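Data block below; observations after.
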Amino acid sequence: MEKAYNSKEVEGRIYELWEGKGLLNAEPDAKKKPYCIVIPPPNITGILHMGHALNNAIQDILIRFKRMQGDEALWLPGTDHAGIATQNVVERKLAKDGKKRHDLGREKFVDEVWRWQKEYGGTIIKQLRRLGSSCDWRRERFTMDEGLSNAVVEVFIRLHKKGLIYRGNYIINWCPRCQTALSDEEAQHKELNGHLYYIKYPIKDSKEYITVATTRPETMLGDTAVAVNPKDKRFKELIGKTIILPVVNRELKVITDDLIDPKFGTGIVKVTPAHDPNDFQMGQRHGLESVNIMNPDATLNSNAGNYDGMDRFEAREALLEELKERGLLLKVTPHDYSVGHCYRCHTIVEPYLSKQWFVKMKPLAEPAIAAVKKGKIKFYPERWTKVYLEWMNNIRDWCISRQIWWGHRIPVYYCPKCQEASDGEKGLVVARAKPDKCPDCGSGTLVQDEDVLDTWFSSWLWPFSTFGWPFESGSQDKQKKDLEYFYPTSCLVTAQEIIFFWVARMIMAGLEFCGDIPFKDVYIHGTVRDDTGTKMSKSLGNIIDPLEIIDEFGADALRFSIISITAVGQDVYLSKQKFEMGRNFANKIWNVSRFLIMNMKEEISADLCAFYAKEKLTLADRWILSSFYRTLDAVTKSLESYRLNEAANLLYEFIWHKYCDWYVEIAKSSIGEYKTQFILFKVLEKSLRMLHPFMPFVTEEIWQKLKAKEPIMVSPWPHLQDQMIDQASEEAMERIIEIVVAIRNIRAEMNIEKKQQVDVVISTSRADVVKLKDELSIYSTRLADVKSLTIEKKAKRPEMSASAILDFCEIFIPLEGVIDIKQEKQRVEKKAKEFEGLLMALSKKLKNKDFLNKAPKDIVDQEKAKEKVLREKLKKIQENIKNLS
RNA sequence: GGGCGAUUGGUUCAGUUGGUUAGAACGCCACAUUCACAUUGUGGAGGUCAGUGGUUCGAGUCCACUAUCGCCCACCA
């Protein structure tokens with residue numbers, strides 16, 4: 001074995017071993033409990049970043065843990081076609097050759113995207129393997145696969161039949177760069193430092209004018225009314241008058257609407273039904289005309305008169321200039337407002353009137369709200385429940401049509417003639433395939449809707465579409481059985497950013513189409529940030545590349561480090577340096593295993609429980625076993641409640657600071673004996689199993705060297721053995737550790753060289769401590785370079801000795817001639833001061849009558865006992881000081 | 001405008017239902033290398049738990065307010 005753990009040499013080989021043996025695969029097994037996680041499908045455009053690393057490390061830990069616990073654990077992988085994002089990437093690629101997608105035409109462009117998908121779409125999936133992800137790769141799915149596309153169509157048809165899908169003209173969020181509609185969730189609001197422009201609108205047949213305030217002055221070109229609050233007395237006179245829209249000279253009515261806040265701006269609002277959602281609603285209520293002044297690329301159109309062809313922001317400046325010249329711009333004040341930005345390209349989106357497809361969400365939301373309220377689905381951390389419910393209670397209809405080419409084509413066919421004749425009412429067929437004829441006019445040539453569906457319209461079906469849903473009734477399909485076995489899935493692990501996009505919608509879809517929740521638990525983890533707290537993103541260049549970290553520190557180090565520093569649901573602040581911890585830990589385990597392998601004389605196969613019952617074990621043996629089982633219990637509980645960082649830290653503490661630091665050091669004095677090797681081996685072997693979900697590679701590699709049987713990956717999670725939890729041994733061992741540390745402390749502070757062994761005298765009043773003499777003698781020789789050890793009740797203090805006072809004993813190291821009296825006196829006096837301070841606080845507490853009367857008796861007793869011990873310690877320490885002078 | 005999270009030694013963070021002398025990792029200081037591991041070992045220094053007020057016998061922990069930072073939602077023309 002190499003002296004240091006070499007992750008590079010190990011990881012690829014071990015992953016092949018798992019995959020080669022088919023250990024990653026899961027199949028329904030009636031004898032086992034199902035456990036299933038469907039991966040949040042990464043975008044095919046994605047490359048692995050730390051967010052993925054965290055997300056997948058969590059999933060893999062849960063899957064491996066459950067697999068070892070004996071569940072049939074399926075982790076189902078796949079990717080998302082990411083409509084807009086992928087189309088953008090391929091368009092950018094084309095642009096390098098000076099081409100646009102329209103140059104290729106729809107069919108060729110989509111072919112091009114498929115080619116891109118085949119070449120690069122699997123990148124992230126390959127990278128997931130490097131993390132050690134134990135997915136069942138046979139089941140890998142892609143949202144544009146035939147089966148999943150079929151599910152999309154099925155769902156569209158079902159919802160349409162139910163009246164939950166409709167088409168209509170509404171204000172939607174329009175990205176002028178991507179040239180498509182977006183859902184409300186896809187428009188990300190950001191605060192901008194803008195201005196409020198006060199513009200004068202003349203009153204017809206009068207010298208007077210009114211003033212409106214707006215943040216987007218260019219939209220005035222589409223104004224078709226002005227509005228005031230009906231209760232606003234200031235403008236009573238105004239009602240019924242006609243206003244002249246400057247620049248375009250359109251006549252505007254004055255309407256009244258409750259929506260208007262009299263306190264904002266001037267209390268008079270310009271109404272632009274085609275470019276503002278509120279104004280659109282007012283337009284509907286008051287039968288106003290909608291004047292669209294914009295082209296899809298956000299340049300103004302012919303309705304904008306002289307501004308035709310100008311970009312929206314240029315037009316804003318130019319129009320303001322014109323207004324200023326005409327003396328109609330009254331004033332400009334700074335005004336912060338929030339504006340939607342495209343979540344894919346960050347362009348400012350435009351509220352835009354267009355004909356789109358929508359899903360009516362309220363009826364779908366109701367059961368999904370109930371499922372969470374009833375506790376059928378639980379969020380971890382719990383606080384997300386409120387966020388979810390808040391959104392669901394205020395849910396709005398979902399705009400699902402996208403004016404792009406890459407995605408699931410909307411399964412709707414039109415008869416152009418009938419459509420035109422009926423204003424869109426007739427000549428529309430929702431169908432799996434193109435019908436031969438128009439059902440309304442009976443003539444041929446139907447055309448399919450040009451649009452595709454929102455990417456999330458396939459994502460929300462992911463927990464069951466990946467299993468081949470829908471099935472024909474009575475189907476005996478294997479996939480149907482898989483779905484029945486694994487659905488509802490067990491846990492969804494994801495980031496907070498997509499609770500609305502994805503989690504909420506999956507719950508609605510699961511209940512609607514499968515009649516059951518899609519998952520029982522939702523574990524929401526934090527966002528990965530750099531060490532200054534900025535979200536990691538490629539454009540900011542503050543990325544820590546997980547693959548680089550794997551190359552440098554190893555996948556286990558990456559996993560363990562990121563998990564142990566990630567408190568449940570909190571954001572993670574990462575720096576490269578933090579991965580050293582995981583690497584060092586892997587190396588520690590590697591070396592302690594190497595030590596054992598080097599010393600083991602024979603193979604160990606006997607059962608620990610039998611051995612425990614039969615053999616006479618040392619105190620250290622009983623202690624390490626007891627500690628192990630306590631740790632096992634705590635780690636199991638932590639994992640079951642998603643406190644992964646806690647589990648990781650428990651393992652670190654046990655393996656490094658109990659097993660390696662103490663047990664192995666003690667065991668060295670009897671390393672030749674079978675009994676010692678047996679316990680060393682058993683504890684290590686079980687610890688490796690417990691650690692395996694966190695550090696799969698190093699534990700598997702050691703396991704293969706330790707015992708040649710089945711891989712650790714499919715070995716059972718250790719069973720708790722209550723009979724080995726041994727409180728007395730743990731306490732006794734703690735006493736010994738305290739004594740050893742105290743001796744080491746004296747040695748270090750008195751600068752006693754390691755070579756120089758010392759005699760130790762321990763005085764105690766406790767019989768149980770005296771009984772530890774044999775163990776103490778053996779252990780302290782190795783652990784604290786003690787030559788001889790005396791331990792007695794009321795042992796006599798040797799002359800000229802350094803001392804330490806513990807709760808239960810006094811320790812003396814006679815150092816006649818070696819000891820620097822002054823130094824020792826200083827050292828002890830410092831201690832005395834510390835004790836005095838503590839004692840003062842305690843005494844005060846115990847003099848407090850309220851405390852004595854009101855606090856529970858056991859607490860009072862505890863404090864009294866503490867005070868007594870402290871008082872004795874102080875007395876002894878003062879005696880020691882006196883003795884030194 | 002509403003909501004959520006954070007504020008604990010130099011740094012990054014734990015601290016589950018209020019009761020131990022508030023823990024860890026990294027960093028720092030000192031010492032140690034024929035010992036499985038210098039990706040190591042041993043010892044040590046370092047904190048009025050953001051502030052104010054309250055509840056309580058007792059508050060890092062519960063409540064209120066304040067401050068700073070961050071995030072999410074919202075029809076702020």
Side-chain angles (χ1 to χ4, degrees), chain A residues 1 3-5 171 189 196 212-216 219 227 259-261 264-266 268-272 276-281 335-338 351 381 383-384 386-387 390-391 394 496-497 499-500 526-527 529 531 533-535 553 557 561 564-575 577-578 580-581 583-599 638 641 643 645-646 649 652-653 660-661 664-665 668 741 744-749 751 753-754 782-784 834-835 837-838 841-842 845 848-856 858-860 862-863 866 870:
Chain A
M1 275 174 95
K3 206 171 162 184
Y5 172 60
I171 296 266
H189 287 264
L196 199 54
V212 299
T214 179
T215 53
R216 295 185 297 150
T219 62
L259 215 60
I260 311 304
D261 175 4
F264 190 92
T266 58
I268 309 177
V269 180
K270 60 189 267 314
V271 182
T272 323
D276 183 279
N278 279 333
D279 294 5
F280 178 74
Q281 281 177 26
H335 180 71
D336 295 345
Y337 66 127
S338 94
R383 68 183 129 91
W384 296 108
K386 210 176 132 188
V387 175
E390 189 72 18
W391 187 75
N394 297 300
Q496 62 202 57
E497 291 103 58
I499 293 180
F500 306 142
T527 307
R529 298 172 186 284
D531 53 1
T534 317
K535 189 172 167 177
F553 299 92
S561 298
S564 72
I565 60 174
T566 304
V568 183
Q570 289 304 127
D571 288 353
V572 204
Y573 292 59
L574 276 185
S575 62
Q577 192 205 4
K578 291 188 174 162
E580 287 173 8
M581 183 196 64
R583 178 200 59 188
N584 295 354
F585 188 39
N587 191 55
K588 186 76 184 177
I589 297 153
W590 177 259
N591 270 293
V592 76
S593 306
R594 195 161 69 96
F595 167 74
L596 179 55
I597 288 166
M598 275 163 35
N599 282 287
S638 297
S641 48
R643 298 194 302 261
N645 64 321
E646 193 177 88
N649 293 329
Y652 186 92
E653 166 69 20
C660 293
D661 286 355
V664 172
E665 290 307 316
K668 279 177 181 169
V741 168
R744 283 172 175 171
N745 180 331
I746 294 173
R747 292 186 60 112
E749 298 209 342
N751 299 316
E753 283 182 40
K754 191 169 162 54
R782 174 167 282 274
L783 299 174
E834 196 184 309
F835 287 159
L838 289 172
L842 245 182
K845 194 173 190 179
N848 185 341
K849 278 199 185 115
D850 285 333
F851 173 71
L852 295 172
N853 293 334
K854 290 179 185 170
D858 54 325
I859 296 289
V860 177
Q862 186 187 305
E863 297 297 303
K866 240 193 281 175
L870 208 51

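The structure presented is a predicted model; accordingly, all values stated were derived computationally and were not measured. Residue numbers start from 1 in every chain, and the chains themselves are labelled A, B, ... in the order their sequence lines are given, proteins ahead of strands.
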Exercise for the section: Report which part of the nucleic acid Q577(A) touches: base, sugar-phosphate, or nothing (heavy-atom distance under 4.0 Å, all strands). Expected result: sugar-phosphate
Practice task
Looking only at side-chain atoms of K386(A), point me to the closest of C4(B), U16(B), C76(B).
Solution key: C4(B)
Exercise for the section: State whether K588(A) places a side-chain N or O below 4.0 Å from either non-bridging phosphate oxygen (OP1 or OP2) of U39(B). Expected result: no
Problem - Check: A36(B) base within 3.5 Å donor-acceptor of E665(A) side chain - result: yes
Fill in the blank from the handout: dist F553(A):CZ -> N584(A):CG (nearest 0.5 Å) comes out at 9.0 Å
Practice task
Consider the side chain of M581(A), meaning its heavy atoms from C-beta on, and name the nucleotide among A25(B), G44(B), C37(B) that approaches it most closely.
Solution key: A25(B)
Handout entry: Short side-chain to backbone donor-acceptor contact, N649(A) and N645(A), under 3.5 Å
Key = yes
Fill in the blank from the handout: When T266(A) and E863(A) are each assigned the nearest nucleotide of RNA chain B, the 5'-most assignment goes to E863(A)
Practice task
Could you check whether N649(A) gets within reach of a base, just the sugar-phosphate, or nothing at all, counting any heavy atom under 4.0 Å?
Solution key: nothing
Problem - Touch class at under 4.0 angstrom, heavy-atom based, for D336(A) against every strand present - result: base
Practice task
Measure from NZ or CZ of K588(A) to the centre of the six-membered ring of Y652(A), then state whether that distance is under 6.0 Å and the direction lies within 45° of the axis.
Solution key: no
Practice task
Using the C1' atom on both, measure G51(B) against G41(B) and round to a whole Å.
Solution key: 43 Å
Completion exercise
Here the gap from M1(A) atom CE to F595(A) atom CZ, rounded to the nearest 0.5 Å, amounts to 13.0 Å
Practice task
Take atom C1' in U16(B) and the same atom in C62(B), then report the distance between them in whole Å.
Solution key: 15 Å
Exercise for the section: Using atom CG of N848(A) as one end and atom P of A59(B) as the other, report the distance to the nearest whole Å. Expected result: 11 Å
Practice task
Would you indicate, yes or no, if C4(B) has its OP1 or OP2 atom less than 4.0 angstrom from a side-chain nitrogen or oxygen of R383(A)?
Solution key: no
Handout entry: Pairwise 5' ranking along RNA chain B for V741(A) and K668(A), keeping only the more 5' one
Key = K668(A)
Problem - CD (E390(A)) with more than 12 external heavy atoms under 6.0 Å - result: no
Exercise for the section: Could you check whether L196(A) gets within reach of a base, just the sugar-phosphate, or nothing at all, counting any heavy atom under 4.0 Å? Expected result: nothing
Fill in the blank from the handout: E653(A) atom CD is separated from C13(B) atom P, nearest whole Å, by 22 Å
Completion exercise
The nucleotide from U20(B), A36(B), U39(B) with an atom nearest the side chain of N587(A) is U39(B)
Handout entry: Pairwise C1' distance for U21(B) and C49(B), with rounding to whole Å
Key = 15 Å
Practice task
Tell me which nucleotide among U40(B), A77(B), C57(B) gets nearest to the side chain of K270(A).
Solution key: A77(B)
Completion exercise
In whole angstroms, the gap separating P of G44(B) from CD1 of I746(A) amounts to 11 Å
Practice task
For I260(A), report the nucleic acid contact type (base, sugar-phosphate, nothing); a contact means any heavy atom under 4.0 Å.
Solution key: base
Exercise for the section: Nearest whole angstrom, please: distance from the C1' of C35(B) to the CZ of F595(A). Expected result: 9 Å
Handout entry: For atom NE2 of H189(A) and atom C1' of C73(B), their distance in whole Å
Key = 9 Å
Handout entry: C1' spacing across the pair U12(B) / G46(B), given as an integer number of angstrom
Key = 16 Å
Exercise for the section: Please map the stems of RNA chain B, keeping only stretches of three or more Watson-Crick or G-U wobble pairs with both distances under 3.5 angstrom. Expected result: B:1-7 with B:67-73, B:10-13 with B:23-26, B:28-32 with B:40-44, B:50-54 with B:62-66
Problem - N584(A) side-chain N/O to U40(B) phosphate OP1/OP2 under 4.0 Å - result: yes
Handout entry: C1' atoms of G70(B) and A32(B), separation to the nearest Å
Key = 45 Å
Fill in the blank from the handout: With the side chain defined as heavy atoms from C-beta on, T214(A) is closest, among C76(B), A77(B), G19(B), to A77(B)
Problem - Sub-4.5 Å side-chain heavy-atom contact between T219(A) and D276(A) - result: no
Practice task
Using the C1' atom as the reference point in each nucleotide, state the distance between A25(B) and C63(B) in Å, no decimals.
Solution key: 33 Å
Problem - Presence of donor-acceptor pair under 3.5 Å, side chain of K3(A) and base of C37(B) - result: no
Handout entry: Nucleotide of C57(B), A36(B), A32(B) approaching K754(A) most closely (side-chain heavy atoms)
Key = A32(B)
Handout entry: d(CD, E390(A); C1', C4(B)) in whole Å
Key = 11 Å
Handout entry: Whole angstrom value for the distance that separates P of A74(B) from CD of Q281(A)
Key = 14 Å
Completion exercise
Rounded to whole Å, CE of M598(A) lies from P of U34(B) at a distance of 16 Å
Fill in the blank from the handout: On a heavy-atom basis, the closest approach of S338(A) and H189(A) is OG-ND1, 3.4 Å
Practice task
Would you indicate what R583(A) reaches in the nucleic acid, counting non-hydrogen atoms under 4.0 angstrom: base, sugar-phosphate, or nothing?
Solution key: base
Exercise for the section: Tell me what R643(A) touches on the nucleic acid: a base, only sugar-phosphate, or nothing, going by heavy atoms under 4.0 Å. Expected result: base
Fill in the blank from the handout: Taking C37(B), A77(B), G43(B) as options, the one with an atom nearest any side-chain atom of F264(A) is A77(B)
Handout entry: Side-chain heavy-atom pair W590(A), R594(A) within 4.5 angstrom cut-off
Key = yes
Practice task
Measure from the side chain of D261(A), starting at C-beta and using heavy atoms only, and say which of A74(B), A77(B), C57(B) lies closest.
Solution key: A77(B)
Problem - P-based separation of C71(B) from C28(B) [nearest Å] - result: 32 Å
Practice task
Keeping the roles fixed (side chain from N591(A), backbone from K3(A)), state whether a donor-acceptor pair exists under 3.5 Å.
Solution key: yes
Problem - Phosphate contact (A25(B) OP1 or OP2) by K578(A) side-chain N/O below 4.0 Å - result: no
Problem - Distance test, side-chain N/O of N591(A) to OP1/OP2 of U40(B), below 4.0 Å - result: no
Problem - Residue D661(A), side-chain atoms from C-beta onward, closest of G43(B), G19(B), G41(B) - result: G41(B)
Fill in the blank from the handout: Of all heavy-atom pairs linking I260(A) and A227(A), the shortest is CD1-CB, 3.9 Å
Practice task
Please work out if F500(A) contacts a base, only the sugar-phosphate, or nothing of the nucleic acid, heavy-atom cut-off 4.0 Å.
Solution key: sugar-phosphate
Problem - Taking every non-hydrogen atom, the tightest pair across R216(A) and P351(A) - result: NH1-CD, 3.4 Å
Problem - Interatomic distance at P, G58(B) relative to G53(B), whole Å - result: 15 Å
